[in-house]
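Numbering of residues begins at 1 and proceeds along the displayed sequence. Every number for a ligand or one of its atoms is a count from 1 in the order of the listing.
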Amino acid sequence: MKDDLLKLLDLSREEIREILDTADQMKYNQKHGIPHDYLRGKTLAMIFEKNSTRTRVSFETGMYQLGGHAVFLSGKESQVGRGEPVQDTARVLERYCDGIMIRTYEQQEVEELAKYASIPVINGLTDFCHPCQVLADLMTVRERMARLEGLKLCFIGDGNNMANSLIVGGLKCRMDVSVACPEGYDPDPQVLEFAQSWDQARFELVRDPMEAADHADVVVTDVWASMGQEEQAQKRRMAFEGVYQVNERLMAVANPGAMVQHCLPAHRGEEITAQVFEAHADEIFQEAENRLHAQKAVMYLLMGR
Ligand code: CP
Ligand code: NVA
């Protein structure tokens, strides 16, 4: 059976730990010039149906550093955007490539691609989740705080793809997770069901950001309107503005030395103030860097053995 990275719900705590440990090793090797061209001669197809800076560059660079090659396919310019069935795309790409990374809207499309392709499929973001980003976040928290278990992570804002993956990844790593979002913008029901049945760490969903951030060790936020929700931006602004923001008042109730994480791009003055963003820029850009190392780990574990 081939393996894929479709969503963190599919992974055990041990599998997440294996990815994080491998990511640390990848980072060490890269920083110390230790050769790690484990994917020499291999090719990753990257399908993007949404925009990207970090995901595209980190996957492409990561593949290069592993000795392989990446091919970029934009939804608009490839036949994917003209409606070629995912079953056919899967059966074509598997004949040229050794893995597929896809960023798209529907989680179902990624699951279908994985079902029909005989090569590993990696989810580079869907409306439902963003597993690669959260693996990088967990790696960053562990680097800076030396552990995950027992820490409190809070997420302030929209119950979106980032919230869904943080809830699952955080809880699986035995972090307590507290989410504050406005009514009508809750995380996915499948994720809430998982969280409510999980007994190895605490989970709460509240409306008051101050309550969620109380004694938090890690404060995370994301944009109010995600890619594909541009038309709802005004309505969303009204639901979030003035309340669902990571600012100094909110950071004051978090634990001293609390970290801030943001997957980026950030909208200063909306979900996070410029002041808090700049005060925590070091850890936020470390998080962005760790996309590279975490994804190299994922590609090595899925495609290199
Ligand atoms: N955080 C993230 O996935 O960034 P991009 O949209 O630039 O890939
Ligand atoms: N929630 C954001 C994350 C971007 C990396 C989006 O889906 O647009």
May I ask you to identify the nearest protein heavy atom to [atom], giving residue, atom name and distance to one decimal place in Å?
atom	result
atom 2 (C) of ligand 1	R291 NH1, 3.3 Å
atom 4 (O) of ligand 1	R54 NE, 2.8 Å
atom 6 (O) of ligand 1	R103 NH1, 2.8 Å

L125 to ligand 1: N or O pair under 3.5 Å?
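Between L125 and ligand 1, no N or O pair is found under 3.5 Å apart.
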
Does the N or O separation between L264 and ligand 1 drop below 3.5 Å for any pair?
yes

Could you tell me how the ring of Y38 sits relative to the ring of Y300: parallel (under 30°), tilted (30 to 60°) or perpendicular (over 60°)?
tilted

Check ligand 2 for close polar pairs with the protein: N or O on both sides, less than 3.5 Å.
residue  : atom  : partner : partner atom : Å
ligand 2 : 1 (N) : N160    : ND2          : 3.4
ligand 2 : 1 (N) : N161    : OD1          : 2.9
ligand 2 : 1 (N) : D222    : OD2          : 2.6
ligand 2 : 1 (N) : S226    : OG           : 2.7
ligand 2 : 7 (O) : N161    : ND2          : 2.8
ligand 2 : 7 (O) : S226    : OG           : 3.4
ligand 2 : 8 (O) : M227    : N            : 2.8

Approximate separation, where rounding is to 0.5 Å, of D4 CG and K115 NZ
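One finds 13.0 Å between CG of D4 and NZ of K115.
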
Which donor-acceptor pairs under 3.5 Å do side chains of residues 170-183 form with protein atoms, sequence neighbours excluded?
residue : atom : partner : partner atom : Å
K172    : NZ   : L8      : O            : 3.3
K172    : NZ   : L9      : O            : 3.0
K172    : NZ   : L11     : O            : 2.5
R174    : NE   : Q200    : OE1          : 2.9
R174    : NH2  : Q200    : OE1          : 3.1
D176    : OD1  : R202    : N            : 2.8
D176    : OD2  : R202    : NH2          : 3.2
S178    : OG   : E204    : OE2          : 2.7

Contact partition for R56 relative to ligand 1, non-hydrogen atoms under 4.0 Å:
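Contact part for R56 vs ligand 1: neither.
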
For Y244 and Y185, I'd like to know if the aromatic rings sit close, meaning centre-to-centre distance below 6.0 Å.
no

Heavy-atom side-chain contact between V223 and D158 under 4.5 Å:
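They are not in contact (no side-chain heavy atoms under 4.5 Å apart), so the answer is no.
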
So do L20 and R142 actually touch side chain to side chain, heavy atoms under 4.5 Å?
yes

For F128, is the NZ or CZ atom of K7 found under 6.0 angstrom from the centre of its six-membered ring and inside 45 degrees of the ring axis?
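No, cation not above the ring by the 6.0 Å, 45° rule.
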
Charged tip of R56 within 45° of F48 ring normal and under 6.0 Å
no

Proximal atoms of ligand 1 relative to [X] (non-hydrogen, under 4.0 Å):
X	value
T53	5 (P), 7 (O), 8 (O)
H130	2 (C), 3 (O)
C263	1 (N)

Pairs in or reaching into residues 248-259: which pass side chain to side chain donor-acceptor pair (under 3.5 Å), with residues at least two apart or in two chains?
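Qualifying pairs, neighbours excluded: D217-N255.
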
Using the side chain to side chain donor-acceptor pair (under 3.5 Å) rule, collect all pairs that involve residues 145-156, keeping only residues at least two apart or in two chains.
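Passing the test, one end in residues 145-156: R13-E149.
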
